[in-house]
Participant: 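If you scroll down you'll find the structure; I have some questions about it.
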Amino acid sequence: MISYIFKNKTKNILAIVFTVLYVLNTNLMYWLYSSINFGEFLLLSEVVLKLLPYIFIIVYLCTLKRQYRFKEWLFPAAFAIFVVVDVHTIIVSIITNIEYINSVEGFIWLTSSVAYDMVLLAAYILCLLGSIKNFKNVILLRVGLIILMISIVINQAFQFLLSNMGYDLHNAFLNYLNLLIPSIAEVLYDAFILLLFYFGLLNLTFNKKSEYIDITPYVEERKAKKEAKRAAKLEAKQQEEARLNAPAPEIPDGFWRCMACGKILPDSIDRCECGYKK
């Protein structure tokens, strides 16, 4: 059984596409290659941990009609990893930047950063609770995803303002735009790709509530096809063994047997239809 939120095939495909698109837009794949190539175990473990949630989500969405033991835990595990990574980020951020808390700028930056991560943590926990028990409390998943999307928009706007506060507003207007526009484009693009990822999941939660989808027919059909293929392969093998083990037919006088296909031919014919020559 899978949740009714996956009954729309188009939405399922969009969720897969947006997830893959987000992963490709990050540096995770490059970091994964670099860590493997240079044997950096710590970096490899960190990259794998950050990649796992997206892999779990993609695997689940690509195997909706399949049944396996740990399937129900893929989505919860993905958000559980997000929770762990976010908690680690908060702790590292506090420890690393505690020395700058004496300045006003440092205090504002650290407080805003930790507050943002705490909001993300709360949203990830809601998503985790909403995805357990086969999405029984899907409303929590929806609220968590909405919080994540709003937080991302606010944070990107805040980061953009901070990064551009140092610009000299007395510069010529066109020069200022030349500095500003690339920064805006980069921020908006990254934010848009991340929002697409969360939107792909959020869109699933708006399907009309209905009974859970029974995937047993798909599982049985796949099993029947596999058994039929196995039976056909076994029968072909048995027929081949029977042909090889069958006693050679007696050759009457005035006839010969083709060594290629085994056909009995009269001596007056020196070439078989299969091409073998006497």
Participant: Are Leu61 and Trp73 grouped together when hydrophobic residues (ILVMFWY) are joined by side-chain heavy atoms under 4.5 angstrom apart?
Facilitator: no
Participant: Do Leu21 and Leu24 belong together in a cluster built from hydrophobic side chains that touch within less than 4.5 Å?
Facilitator: yes
Participant: Where do Lys225 and Glu221 land on the salt bridge (Lys or Arg N to Asp or Glu O under 4.0 Å) test, with the steps shown first?
Facilitator: CA-CA 6 Å; Lys225 288 182 179 179; Glu221 180 183 359; 3.6 Å; yes
Participant: So how far is it from Asp270 CG to Leu265 CG, rounded to the nearest 0.5 Å?
Facilitator: 10.0 Å
Participant: Please determine which of Ile150, Leu201, Leu140, Leu126 meets the side chain to side chain contact (heavy atoms under 4.5 Å, CB included) test together with Leu145.
Facilitator: Leu201
Participant: Do Trp256 side-chain atoms and Ile269 backbone N/O form a donor-acceptor pair below 3.5 Å?
Facilitator: yes
Participant: How long is the straight-line distance from CD1 of Ile55 back to CD1 of Ile81, given to the nearest 0.5 Å?
Facilitator: 9.0 Å
Participant: Distance from Gln67 atom CD to Met1 atom CE, nearest 0.5 Å?
Facilitator: 10.5 Å
Participant: For the aromatic rings, using the six-membered ring if either is Trp, is the centroid distance between Phe70 and Tyr68 under 6.0 Å?
Facilitator: yes
Participant: Would you find more than 12 non-hydrogen atoms of other residues, nucleotides or ligands less than 6.0 Å from Met118 atom CE?
Facilitator: no
Participant: Should the pair Phe135 and Tyr60 be assigned to parallel (<30°), tilted (30 to 60°) or perpendicular (>60°) ring geometry?
Facilitator: perpendicular
Participant: Are the side chains of Leu194 and Tyr22 in contact, using a 4.5 Å heavy-atom criterion?
Facilitator: yes
Participant: Identify the two heavy atoms, one from Thr63 and one from Val59, that lie closest to each other, and give their separation to 0.1 Å.
Facilitator: OG1-O, 2.6 Å
Participant: Enter the distance from His88:NE2 to Asp117:CG here, rounded to the nearest 0.5 Å.
Facilitator: 12.0 Å
Participant: Would you tell me whether Ser151 and Tyr116 have side-chain atoms, one donor and one acceptor, within less than 3.5 Å of each other?
Facilitator: no
Participant: Please report the closest heavy-atom contact between Ile5 and Thr205, naming both atoms and the distance.
Facilitator: CG2-CA, 4.4 Å
Participant: Show your working on side chain to side chain contact (heavy atoms under 4.5 Å, CB included) between Cys274 and Lys263 and close with a plain yes or no.
Facilitator: CA-CA 9 Å; Cys274 68; Lys263 190 174 182 180; over 6 Å; no
Participant: Donor-acceptor pair, Tyr212 side chain versus Asn134 backbone, under 3.5 Å?
Facilitator: yes
Participant: In sequence, state the C-alpha distance, the side-chain angles, and the governing distance for Ser3 and Ile213, and then conclude on side chain to side chain contact (heavy atoms under 4.5 Å, CB included).
Facilitator: CA-CA 6 Å; Ser3 176; Ile213 304 170; over 6 Å; no
Participant: With a 3.5 Å distance limit and no angle check, can you tell me whether Thr96 reaches the backbone of Ser93 through a side-chain donor-acceptor pair?
Facilitator: no
Participant: Output the distance between atom NZ (Lys136) and atom OG (Ser131), rounded to the nearest 0.5 Å.
Facilitator: 14.0 Å
Participant: What's the separation between atom CG in Leu204 and atom OH in Tyr4, rounded to the nearest 0.5 Å?
Facilitator: 11.0 Å
Participant: Begin from the C-alpha positions of Asn137 and Leu129 and carry the test side chain to side chain contact (heavy atoms under 4.5 Å, CB included) through to its verdict.
Facilitator: CA-CA 7 Å; Asn137 300 307; Leu129 296 176; over 6 Å; no
Participant: Return the orientation label for the Phe82 and Tyr54 ring planes: parallel under 30°, perpendicular over 60°, tilted otherwise.
Facilitator: perpendicular
Participant: Step by step, would you call Ile57 with Phe197 a side chain to side chain contact (heavy atoms under 4.5 Å, CB included)?
Facilitator: CA-CA 11 Å; Ile57 290 172; Phe197 164 62; 4.0 Å; yes
Participant: Counting neighbours of CZ on Arg66 that are heavy atoms of other residues, nucleotides or ligands and sit closer than 6.0 Å, is the number greater than 12?
Facilitator: no
Participant: Checking the side chain of Lys7 only, and the main-chain atoms of Lys208 only, is there a donor and an acceptor separated by less than 3.5 Å?
Facilitator: yes
Participant: Answer yes if Val84 and Phe56 sit in the same cluster of Ile, Leu, Val, Met, Phe, Trp and Tyr residues linked by side chain heavy atoms under 4.5 Å apart, and no otherwise.
Facilitator: no
Participant: Looking at Glu220, I want to see if its CD is surrounded by more than 12 non-hydrogen atoms of other residues, nucleotides or ligands under 6.0 Å.
Facilitator: yes
Participant: Keeping the roles fixed (side chain from Asn12, backbone from Phe6), state whether a donor-acceptor pair exists under 3.5 Å.
Facilitator: yes
Participant: Is the side chain of Lys71 donor-acceptor paired with the backbone N or O of Leu64 at a distance under 3.5 Å, no angle test?
Facilitator: yes
Participant: Answer yes or no: is there a donor N or O on one side and an acceptor on the other, between the side chain of Asn203 and the main chain of Ala15, under 3.5 Å?
Facilitator: no
Participant: Can you find a pair of side-chain heavy atoms, one from Ile125 and one from Phe79, that are under 4.5 Å apart?
Facilitator: no
Participant: Can Arg142 be said to sit on top of Phe206's aromatic six-ring, NZ or CZ under 6.0 Å from centre and within 45° of the ring axis?
Facilitator: yes
